[in-house]
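Inspection log for the structure reproduced underneath, given as structure tokens.
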Amino acid sequence: MTFDNLGLQQSLVNILKKENYKKPYPIQKLAIPAILKGNDVLAIAPTGSGKTASYVLPILSSIKFQEGSKDRQVDVLIIVPTRELAQQIKDVFNVFEKDISPSFKTMAIYGGVSINPQMKSLFGVSILVATPGRLLDLVNSNAIHFDKLKTLVLDEADKLLNLGFKDEMSQIFSLLPSKRQNLLFSATLNEKVEEINQILLRNPTIINVTPKENNLENISQLAYSISNEKKGPLLRYLIKSGNLKQVLVFTASTYKADNVSDKLRKNGISARAIHGKKNQEARKMALQDFKNGKLRVLVTTDLLARGIDIEYLPHVINYELPRSPKDYIHRIGRTGRAESLGEAITFVAPEDEHHFKIIQKKMKISVERIESNEVDFN
Ligand code: AMP
């Protein structure tokens, strides 16, 4: 299946090609036709599944925006838990809305920044991405109205509820016209999400694309016995000889992450490290460059990796072992999802042997081993 068969406007299909979206991800195959039909949708889909495009594309394809809207009525409201997500979603709209005519305005609003500029800019906005608290502040200041709202999206609904936004959301729902399309996205389905589903959705199309983290069938796993000093040369050899284009490398510490990425760069391989000591902007840029292919290697630690929203990663390399089997699965579970076959490589230094044995035992697997002295990587 390609994006041509999903019923989207041709201008969007063209941009998808330019953006290198070759074929729809499972969530997109299922959600796009349902949303285009006007159905309500309940989608259980984690970050990284392609969920954003699964609603951005049909929304852009089906809504008739007014030329140069001159009021404070929004057509589409997307409620999200964090300012980062709000900004990310706005960016996705901006990529795809370029050739939609007539043109219209998309805006992200969130707390933690001054409210006045947001109040002014809200004039003429058609698509609004918002965190709940700031949204209510702006509603109370009469800066936005919802009489013409056509579509409501709750993204990362489970996180919205976990962060205690339930009351704010109820207040927001009470302001919306009853005739509208509702799209509910959540990484997990729990009681709280089910409750919102009952309140909000009418006869929804239900979609579940939760990845099976323990299903390692699509992942080819390989381990190299290697001394700590030789890990750097082996990493470079694997990247260069395999012509690997998108590699996520895991280290155990932030210091090591920096060190590994510095060495790769010195050897002509584009790499950057992201970890807790880098500021938000630097992390965001690195991630963006990695996703769109400008950066070949991203080096990271377990902590930060949980926030990396990329699915279908072809290569993961454990430069240093994870602490637990759970972390191992979490790291390598990023490869080989859906139809793609992923590869996970683990470097095992002599002092890691015991720990790696435990990981394999707990996971009931035996990872194929290559002795690095059998590889000529110099
Ligand atoms: P999301 O789950 O919406 O955060 O998307 C995760 C990442 O996958 C984003 O970087 C998207 O740009 C990318 N992406 C989404 N759908 C596709 C697709 N069909 N083909 C290639 N990349 C995609």
Side-chain angles (χ1 to χ4, degrees), residues 1-8 12-33 35 41 43-61 78-98 106 108 127 129 153-160 183-188 207-211 213 245-248 274 283-296 298 300 304-316 333-342:
M1 163 157 316
T2 67
F3 279 107
D4 296 277
N5 320 113
L6 288 176
L8 293 169
L12 290 170
V13 176
N14 297 343
I15 297 179
L16 282 160
K17 283 187 184 139
K18 260 193 245 158
E19 293 292 320
N20 219 8
Y21 281 46
K22 294 203 174 72
K23 54 180 189 167
Y25 286 169
I27 177 88
Q28 294 158 357
K29 275 188 221 166
L30 298 166
I32 292 173
I35 298 173
V41 168
I44 308 303
T47 312
S49 57
K51 67 179 168 66
T52 317
S54 82
Y55 63 82
V56 167
L57 294 166
I59 285 175
L60 289 176
S61 201
I78 297 133
I79 303 180
V80 297
T82 62
R83 78 190 252 179
E84 272 162 25
L85 186 62
Q87 196 55 45
Q88 248 175 44
I89 292 170
K90 178 189 175 284
D91 292 344
V92 177
F93 272 106
N94 290 156
V95 168
F96 290 110
E97 71 195 15
K98 280 182 284 215
T106 301
I127 297 183
V129 192
V153 183
L154 297 191
D155 200 345
E156 298 200 358
D158 46 352
K159 199 162 174 193
L160 272 164
L183 312 175
L184 178 60
F185 288 79
S186 178
T188 50
I207 297 167
N208 189 341
V209 295
T210 316
E213 291 251 324
K245 299 273 192 301
Q246 198 182 36
V247 191
L248 187 63
I274 60 168
R283 289 190 225 161
K284 193 176 139 196
M285 290 304 297
L287 208 51
Q288 221 167 43
D289 287 349
F290 184 58
K291 280 192 213 172
N292 61 28
K294 281 188 208 149
L295 190 64
R296 211 164 158 187
L298 193 66
T300 189
L304 240 273
R306 294 184 192 276
I308 295 179
D309 62 339
I310 310 173
E311 186 136 329
Y312 313 115
L313 255 179
H315 307 281
V316 165
R334 294 164 177 282
T335 69
R337 288 195 177 153
E339 299 110 42
S340 57
L341 187 72

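For the numbers below, each heavy atom of this structure counts, side chains included, while hydrogens, waters and symmetry mates do not. Read the numbers this way: they start at 1 and go in the same order the structure lists the ligands and their atoms.
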(message) Could you check whether atom NZ of K98 has more than 12 heavy atoms from other residues, nucleotides or ligands sitting under 6.0 Å from it?
(response) yes
(message) Using a 4.0 Å heavy-atom cut-off, which part of F185 comes near ligand 1: side chain, backbone, both, or neither?
(response) neither
(request) Would you confirm whether Q246, through its side chain, and F290, through its main-chain N or O, come within 3.5 Å as a donor-acceptor pair? (result) yes
(request) Would you check whether N20 has a nitrogen or oxygen atom less than 3.5 angstrom from a nitrogen or oxygen atom of ligand 1? (result) no
(message) Please find the pair of heavy atoms, one from I89 and one from Y55, that lie closest to each other, and give the distance.
(response) CD1-OH, 3.2 Å
(message) Please report the interatomic distance CZ(R83) to CD(Q87), rounded to the nearest 0.5 Å.
(response) 8.5 Å
(request) Can you sort out which atoms of ligand 1 are near T52, meaning under 4.0 Å from one of its heavy atoms? (result) 1 (P), 3 (O), 4 (O)
(request) Number the atoms of ligand 1 from 1 as they appear, then name those within less than 4.0 Å of a heavy atom of F3, with their elements. (result) 19 (N)
(message) Just to check, does K23 reach to within less than 4.0 Å of ligand 1 when the distance is taken from its heavy atoms?
(response) yes
(request) Look only at interatomic distance and state if G50 has a nitrogen or oxygen under 3.5 Å from any nitrogen or oxygen of ligand 1. (result) yes
(message) D4 and salt bridge (Lys or Arg N to Asp or Glu O under 4.0 Å): which single residue from K22, K23, K17 fits?
(response) K17
